[in-house]
Amino acid sequence: MTSLTENKSKRIFLSAPHMSGREMEYIKQAFDSNYIAPVGPQLTQFEELFREKTGFEHCVAVANGTSAIHLMLRSIGIKAGDLVIASTMTFIGSVCGATYLGADLAFIDCDRETWNMDPNLLEAEIKELLKKGVKPAAVLPTDNYGQACDLDRILEICQPHGIPVVCDCAETMGTRYKDRHTGKGATAAAFSFNGNKIITTSGGGVVASDDGKLVDYARHLATQARQPGLQYEHHEVGYNYRLSNILAALGLAQFEVLEERVARKRAIYDLYVKKLNDVPGITFMPEADYGKGNRWLTAALIDDKVFGTGPQGVIDALEADNIEARPVWFPMHLQKVFSHCRVAGGEVAESIHRQGVCLPSGTSMSDADVSRICGIIRATYKK
Ligand SMILES: Cc1ncc(COP(=O)(O)O)c(C=O)c1O
């Protein structure tokens, strides 16, 4: 592999797409058979592979993770006026679906140990809402930066009240929670295959569930809710959300290297920790003992009082060398657009946002690239 350090002008991205080398072969097969359409054999194979890799019994592949979450929420019956409880520490794509459906949102803080939804806060929030006579229509936790949320604890809290749990697993393809894939055990889960994800279809997503009826309904909605037969008959309004067969072909080659990519992401995290562990003021996102994350992005906290500068100083120093780094998620409860929403806690997400930086984590980076990045970060200390 050519090291990017050999060409300093070449930008290092946060998490660039990393091709396996067989993508064009599968895309060519799709072209040669003229399946240049949203459905075709490659799409069917992509869904088969997804089920094989994750253990979900059913799935439907769609245009992206945002549409997968939208579709998942609609498929469990979320409608205008419902309340959906979501993570505040997340990307907006996690909660767009609820707003598209006219539902209200309430946010739950994360905990410091996992950076995911704090189950204790969730429990207290549900109790309080029920006391007020408000029953949440769904709980939607995000798995952040490749780490699983504590799904069993969340299920324990929600199931006695009949509240469905649907997971935003956009970032956790290949992540294990206990002895299973992330999202397994929830009513449904949504995944992203965006270009920056651990494996990609350029743009793509999946709704997965062990409930066949739910997935059949999601598939129906994703194809304009068209009734069987030729005459374009509709009993409700759906979406044009199916993943293109061409992009699914790309995904077939990506699935072949999933385990390799997880191993490389984890090795990149380990290398960052090894090279920066002794720098005062830098700590890394912890890993919960209940799972094995895919370490989609290596995220670190920078204590500016100790380190001398905060995340922005590190981001700027890397940018000066044509290297992309980003702050961690800007919490949803701080977003202007959600300023009217309830939030339980919020201080942990705010503090992680203030101190957090996502470091370049693309699997095509060499160890020398990571070392160079660490050298720049080290040189920023007390500068
Ligand atoms: C946590 C989270 N949720 C949802 C999404 C939306 O996925 P997509 O970009 O495929 O629409 C993303 C990815 O960008 C994400 O990181």
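Note that the structure is a prediction, hence the values are computed from the model and not measured. Atoms within a ligand are numbered from 1 in the order they appear, just like the ligands themselves.
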message: One pair to check against ring pair (Phe, Tyr, Trp, His ring centres under 6.0 Å): H333 and F107. What are the steps and the verdict?
response: CA-CA 7 Å; H333 72 275; F107 297 110; 7.4 Å; no
- prompt: In terms of the angle between their ring planes, are F193 and F46 parallel, tilted or perpendicular, with boundaries placed at 30° and 60°?
  reply: perpendicular
- prompt: Is the F338 ring parallel, tilted or perpendicular to the H340 ring (thresholds 30°, 60°)?
  reply: tilted
Which protein N or O atoms sit under 3.5 Å from any N or O of ligand 1? Give atom names and distances.
from	atom 1	to	atom 2	distance (Å)
ligand 1	3 (N)	D168	OD1	3.4
ligand 1	3 (N)	D168	OD2	2.7
ligand 1	10 (O)	G65	N	2.7
ligand 1	10 (O)	S192	OG	2.7
ligand 1	11 (O)	G65	N	3.3
ligand 1	11 (O)	T66	N	2.9
ligand 1	11 (O)	T66	OG1	2.6
ligand 1	14 (O)	K197	NZ	2.9
ligand 1	16 (O)	E171	OE2	2.6

- prompt: Between R180 and Y177, is NZ or CZ placed under 6.0 angstrom from the six-membered ring centre and within 45° of the ring axis?
  reply: no
- prompt: Does the distance from a Lys or Arg side-chain N to an Asp or Glu carboxylate O, for D82 and K79, drop under 4.0 Å?
  reply: yes
- line: side-chain contact (heavy atoms from CB on, under 4.5 Å) filter on P228, not counting sequence neighbours, yields none
